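Predicted model only: the values in this text are computed from it and were never measured. Convention: sequence-line order gives letters A, B, ...; per-chain numbering from 1.
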Amino acid sequence: MSGNMNLTLKVWRQKNAESQGKFVTYKAEQVSPDMSFLEMLDVVNEGLIKKGEDPIHFDHDCREGICGACSLHINGRPHGPKHGITTCQLHMRSFNDNEIVVIEPWRASAFPVIRDLAVDRTSFDRIQAAGGFISVNTGGVPDANSIPIPKVVADEAFNSATCIGCGACVAACKNASAMLFVSAKVSQMALLPQGQPERYRRVQAMVAQMDAEGFGSCTNTGACEAECPKEISITNIARMNRDYFNATLIKNEE
Amino acid sequence: MKLDAKIPAGPLAEKWSKHKFNLKLVNPANKRKYTVIVVGTGLAGASAAASLAELGYNVKAFCYQDSPRRAHSIAAQGGINAAKNYQNDGDSVYRLFYDTIKGGDYRAREANVYRLAEVSVNIIDQCVAQGVPFAREYGGLLDNRSFGGSQVSRTFYARGQTGQQLLLGAYSALNRQINLGKVKMYTRHEMMDVVTVDGQAKGIVTRDLINGKIETHSAHAVLLCTGGYGNVFYLSTNAMGCNVTAAWKAHKRGALFANPCFTQIHPTCIPVTGDHQSKLTLMSESLRNDGRVWVPKTVELAQKLRKGELKVTDLKEEDRDYFLERKYPSFGNLVPRDVASRNAKEMVDEGRGVGASGVAVFLDFAEAISRLGEDAVRAKYGNLFDMYMQITDENPYKQPMRIYPAVHYTMGGLWVDYNLQTTVPGLYCLGEANFSDHGANRLGASALMQGLADGYFVVPYTLGDYLATIGPKAVDNSHPAFEETKKSVQERINKLLSLTGTKTVNEYHRELGHIMWEYCGMARTEEGLTKAKGLIRQLREDFWKNAQVTGTNEEFNQNLENAGRVADFLELGELMVDDALNRKESCGGHFRLESQTEEGEALRDDDQFAYAAAWEYKGDNEPEVLHKEELVFENVKLTQRSYK
Ligand SMILES: Cc1cc2nc3c(=O)[nH]c(=O)nc-3n(C[C@H](O)[C@H](O)[C@H](O)COP(=O)(O)OP(=O)(O)OC[C@H]3O[C@@H](n4cnc5c(N)ncnc54)[C@H](O)[C@@H]3O)c2cc1C
Ligand code: FES
């Protein structure tokens with residue numbers, strides 16, 4: 001096992017949404033390769049607090065790659081240098097002694113900075129609330145096995161459903177488009193028999209909200225798929241585009 | 001105070017349906033005259049908020065994360081139980097009830113557990129209707145797996161992300177109601193206190209975590225769905241923000257806290273690597289379906305392994321001790337969690353632990369890989385193996401995982417009656433935050449079931465009865481109780497912000513965790529617990545003198561948030577120790593070294609302790625008063641649990 005490292009961090013500090021931000025340099029010393037990236041920041045923060053200074057603020061909760069709270073643009077890449085993981089799963093063994101590490105928040109106008117590295121992603125929730133559901137009330141639903149679903153279909157729906165809503169796709173996209181995020185939900189439900197009755201209404205409502213939030217358009221560069229920590233496939237976008245097109249054709253169907 | 005669990009009369013299997021019939025109803029046109037506050041939007045809270053809004057009530061829902069989708073329920077991996085008997089392997093509502101009561105070592109209420117088993121079947125139907133993509137077989141029907149403490153396959157799952165899929169289902173139901181305007185969602189809001197008027201819960205005080213604004217909210221009833229308090233141990237499998245604050249504040253306002261010492265230590269977690277460690281990662285119990293737990297047969301071999309003189313793959317079959325299979329032939333690797341954890345600890349204490357620290361045992365998939373092939377194992381557990389590799393830099397397809405027990409779940413929580421109401425009228429508690437269904441040990445895949453049972457299928461009925469009784473007349477937040485409670489919240493925040501000492505809040509938290517783990521963890525003694533009580537008191541006093549809390553209230557201030565939570569843990573810790581001291585028997589996850597069978601299993605004392613211990617707060621630094629809810633078992637016979 002390699003020894004401990006010393007790193008230089010250049011961290012985006014911004015007091016609140018209104019103020020101007022800037023990069024501040026910190027030293028992270030005696031960093032163990034077994035630490036996670038966020039644990040490394042914890043140690044830096046402990047040092048700051050001891051000096052009576054404000055710690056670096058960043059969102060995080062589960063620290064195991066599933067809640068989607070952590071974000072961070074690390075050396076220019078959402079969730080850092082490794083493929084298919086979130087920042088909280090990134091370990092310091094992926095860095096080298098004396099490396100300079102640049103840490104920024106997600107950059108997108110639909111994700112305004114709250115403080116330092118924490119941003120406001122409630123636009124994602126509003127898109128989900130616009131149509132990301134199947135309208136069933138509690139109770140009075142059929143037996144779970146009454147509609148068989150082919151395993152390949154269920155598995156494909158599951159793959160789309162593994163999106164954690166972190167926003168890396170938006171942060172990776174030069175247009176700050178939210179197409180991968182939105183299409184993942186649209187696909188999950190469009191694939192399942194339960195999702196059929198509202199299939200076209202749903203895609204229209206979600207896309208309309210996505211546009212209203214100020215996300216950019218998709219130009220098929222694929223950066224979203226490349227940076228997605230859950231490896232959500234870009235075919236979801238194709239599926240959504242098809243549904244959206246069909247929806248405009250059969251708009252009056254309902 | 002007389003505890004009345006309000007268990008309906010009649011035969012076990014008819015209690016719930018009779019009770020539902022006897023509950024008062026609020027007429028449909030009147031429902032919109034009522035407002036209900038739901039604090040927490042994990043499985044319990046999101047399902048409750050959505051279901052109540054569907055019925056027509058106005059709901060205000062709160063969570064501390066930036067989105068309801070990030071509640072800690074999202075992290076549940078393995079699965080959710082339901083007595084569907086789709087496998088035709090002899091499952092039934094009664095068997096699930098029986099397994100849960102027995103698994104909980106006979107310290108849960110029969111009537112609640114039976115109801116839980118009864119509604120479990122509806123949960124799966126509901127989730128499928130919402131579009132939850134459970135695992136399926138090639139024929140298109142739902143697949144099941146087995147979990148510890150049961151001999152049937154009744155666990156439904158979505159690869160290793162069951163909690164995520166269930167929560168996203170509940171979140172979608174919640175979203176639908178947000179869209180319809182029936183739920184007003186407050187994210188990044190922390191509940192700081194409960195407001196009571198004439199002894200009834202009428203609202204809450206919150207802090208807006210972005211700008212520090214302290215606000216009051218009034219309602220006809222308040223539902224706490226705020227999760228478990230495992231983070232009192234500092235290191236646990238819980239998310240970083242999991243806390244006891246909401247439940248603790250309710251406790252101080254009159255809600256009794258039951259069985260606080262009942263904590264679950266999960267046997268299969270990734271071991272600690274160093275002081276920087278901020279949390280522990282679970283490796284799902286489902287892995288014990290195919291993984292075999294072992295340590296080297298002798299201390300000498302274990303030492304050689306630890307020093308690197310031997311590689312694990314060099315160890316011959318006859319040099320391995322599959323201790324769970326050896327000691328519990330009928331359940332083998334699938335014994336309940338408390339039993340598996342204690343046995344792992346025993347091996348480590350004997351000096352047969354593995355890994356550099358010696359504080360770990362192996363979980364080995366070699367046999368499964370040779371039987372099923374690597375691809376089949378990957379399809380079942382791929383995401384867990386990836387997670388393991390990320391953290392440890394070791395490949396579990398090639399060498400066994402190293403695992404060790406870690407704090408995972410809290411069975412204790414606010415005392416509730418059959419209606420899920422606490423001892424404060426109008427204040428309800430759902431999900432992991434209450435104490436109700438798991439006794440002294442929770443079976444795997446039963447927490448998701450309980451959270452959703454409470455939220456979808458229990459509280460929508462029982463709350464209606466209370467609301468119909470009190471009537472729609474609104475209490476508004478101009479009542480002086482709101483202003484008074486708000487003031488006390490502000491004072492406490494100011495007190496925290498005035499701390500400019502030399503130690504960080506995290507340092508206190510870590511120290512508290514060490515004390516709890518050492519003396520109130522997997523093995524507890526009178527002596528150790530007494531010592532712990534003194535240590536916690538000292539630590540708490542020191543915190544209020546020497547902690548360092550930076551910044552101001554009027555800003556996004558994570559240091560302040562954390563300080564408030566740790567301050568509450570420092571109080572809860574002492575109550576947990578008191579409870580563990582009081583309960584001189586061993587049961588489930590509560591293991592008093594003084595009370596064990598000859599074979600080293602937990603030895604209950606049913607004559608003395610067949611009760612739920614519910615504690616009443618009497619003032620800062622005053623001893624809490626114990627109330628006992630005697631547990632009456634009319635349907636199951638109390639026996640020494642055996643998984644041999
Ligand atoms: C890693 C892991 C794996 C697990 N796997 C399984 C499994 O496979 N099967 C199973 O059955 N169980 C499992 N469990 C247990 C199960 O996930 C939890 O017990 C359950 O999800 C808890 O749900 P809940 O709704 O009660 O609480 P949570 O999901 O914890 O939700 C709590 C909510 O309360 C809010 N909150 C808390 N405090 C406040 C406050 N002061 N103010 C405002 N809001 C607040 C939070 O924001 C959140 O919305 C697992 C647990 C862990 C840790
Ligand atoms: S903290 Fe939950 S995904 Fe990183």
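Options A/Gly84, A/Pro142, A/Ser36 differ in how many heavy-atom pairs under 4.5 Å they form with chain B, and the most are formed by A/Pro142. In terms of non-hydrogen atom pairs under 4.5 Å with chain B, the most contact-rich of A/Pro148, A/Ala69, A/Ala129 is A/Ala129. The candidate with the highest count of non-hydrogen atom pairs below 4.5 Å against chain B, out of A/Pro55, A/Ser94, A/Ala130, A/Ser135, is A/Ser135. Counting heavy-atom pairs closer than 4.5 Å to chain B, the top residue among A/Gly52, A/Gly132, A/Ala161 is A/Ala161. Between chain B and the options A/Leu192, A/Ile134, A/Asp125, heavy-atom pairs under 4.5 Å are most frequent for A/Asp125. Ranked by heavy-atom pairs under 4.5 Å with chain A, the list B/Tyr138, B/Tyr86, B/Tyr456 is led by B/Tyr86. Comparing A/Asp54, A/Ile164, A/Leu38, A/Asp120 by how many heavy-atom pairs each has under 4.5 Å with chain B, the most go to A/Ile164. In terms of heavy-atom pairs under 4.5 Å with chain A, the best-connected choice from B/Gln390, B/Gln130, B/Met387 is B/Gln390. Each of B/Asn559, B/Asp386, B/Ile178 has some count of heavy-atom pairs under 4.5 Å with chain A, and the biggest count is that of B/Asn559.
Here the side chains of B/Lys84 and A/Asp143 are in contact, with some heavy-atom distance below 4.5 Å. The closest side-chain heavy-atom distance from A/His57 to B/Glu555 is not below 4.5 Å. Using a 4.5 Å heavy-atom threshold, the side chains of A/His60 and B/Lys279 count as separate.
Both the backbone and the side chain of B/Ser67 come within contact range of chain A, with heavy atoms under 4.5 Å apart. Residue B/Thr392 touches chain A through its backbone alone, counting heavy-atom pairs closer than 4.5 Å. Looking at A/Glu156, there are no atoms closer than 4.5 Å to chain B (heavy atoms on both sides), in backbone or side chain. Of the atoms belonging to B/Leu280, it is backbone heavy atoms, and not side-chain ones, that fall under 4.5 Å from chain A. With a 4.5 Å cut-off on non-hydrogen atoms, A/Glu64 touches chain B through its backbone and its side chain both. Heavy atoms closer than 4.5 Å to chain B are found in the backbone of A/Ile56, but not in its side chain. Residue B/Asn122: no heavy atom, backbone or side chain, is found under 4.5 Å from chain A. For A/Val119, the part sitting under 4.5 Å from any heavy atom of chain B is the backbone (N, CA, C, O) and nothing else. Only the side chain of B/Gln165 comes within less than 4.5 Å of a heavy atom in chain A; its backbone stays farther off. For chain B, the nearby parts of A/Ile149 are the backbone and the side chain; heavy atoms of each come within less than 4.5 Å. Proximity to chain B (any heavy atom under 4.5 Å) is restricted, for A/Ile147, to the backbone atoms N, CA, C and O. Residue contact with chain A, scored on non-hydrogen atoms closer than 4.5 Å, involves the backbone and the side chain of B/Arg159 alike. Looking at B/Asn383, there are no atoms closer than 4.5 Å to chain A (heavy atoms on both sides), in backbone or side chain. Residue contact with chain A, scored on non-hydrogen atoms closer than 4.5 Å, involves the backbone of B/Thr237 exclusively. At a 4.5 Å heavy-atom cutoff, A/Ala17 makes no contact with chain B through either its backbone or its side chain. Heavy atoms closer than 4.5 Å to chain A are found in the side chain of B/Gln77, but not in its backbone. For a residue to count as touching a neighbouring chain, one of its non-hydrogen atoms must lie under 4.5 Å from one of that chain's; by this rule A/Asn16 does not touch chain B. Only the side chain of B/Gln65 has a heavy atom closer than 4.5 Å to any heavy atom of chain A.
Side chain of A/Gln128 to main chain of B/Asn175: no donor-acceptor pair is present (N/O by atom type, distance under 3.5 Å, no hydrogens or angles). Using modelled atom types, no side-chain atom of B/Arg176 and backbone atom of A/Phe133 make a donor-acceptor pair closer than 3.5 Å. No donor-acceptor pair closer than 3.5 Å links the side chain of B/Gln164 to the backbone N or O of A/Ile66. In this structure, the side chain of B/Gln558 engages the main chain of A/Phe58 through a donor-acceptor pair within 3.5 Å. For the pair B/Gln126 (side chain) and A/Ala144 (backbone), a donor-acceptor distance under 3.5 Å is absent.
Listed here is the closest heavy atom pair of B/Thr504 and A/Ile49: CG2-CG2, 3.9 Å. Shortest non-hydrogen contact noted between B/Arg69 and A/Gly165 is NH2-N, 3.4 Å. Looking at every heavy atom in both residues, B/Thr502 comes nearest to A/Lys50 through O-NZ, 3.5 Å. Minimum heavy-atom separation, B/Phe134 to A/Ala154: O-CB, 4.3 Å. The two residues B/Gly241 and A/Asp61 have their closest heavy-atom pair at N-OD1, 2.8 Å. For B/His276 against A/Ser32, the heavy-atom pair with the smallest separation is CE1-OG, 4.0 Å.
For the atom pair B/Thr273 OG1 and A/Met35 CE, the distance stands at 8.5 Å (nearest 0.5 Å). If you take CE on B/Met240 and CZ on A/Arg63, they are separated by 4.0 Å, rounding to the nearest 0.5 Å. For the atom pair A/Ser146 OG and B/Asp125 CG, the distance stands at 7.5 Å (nearest 0.5 Å). The distance from the CG atom of B/Leu167 to the SG atom of A/Cys67 is 11.0 Å, given to the nearest 0.5 Å. The distance from the CD atom of B/Gln277 to the CD atom of A/Glu39 is 5.5 Å, given to the nearest 0.5 Å. The distance from atom CG of A/Leu48 to atom OG1 of B/Thr550, rounded to the nearest 0.5 Å, is 9.0 Å.
Taking the charged nitrogens against the carboxylate oxygens, A/Asp59 and B/Arg188 do have a contact shorter than 4.0 Å, which makes a salt bridge.
No side-chain donor-acceptor contact under 3.5 Å links B/Gln161 and A/Thr162.
Within a 6.0 Å sphere centred on NZ of A/Lys82, heavy atoms belonging to other residues, nucleotides or ligands number 12 at most.
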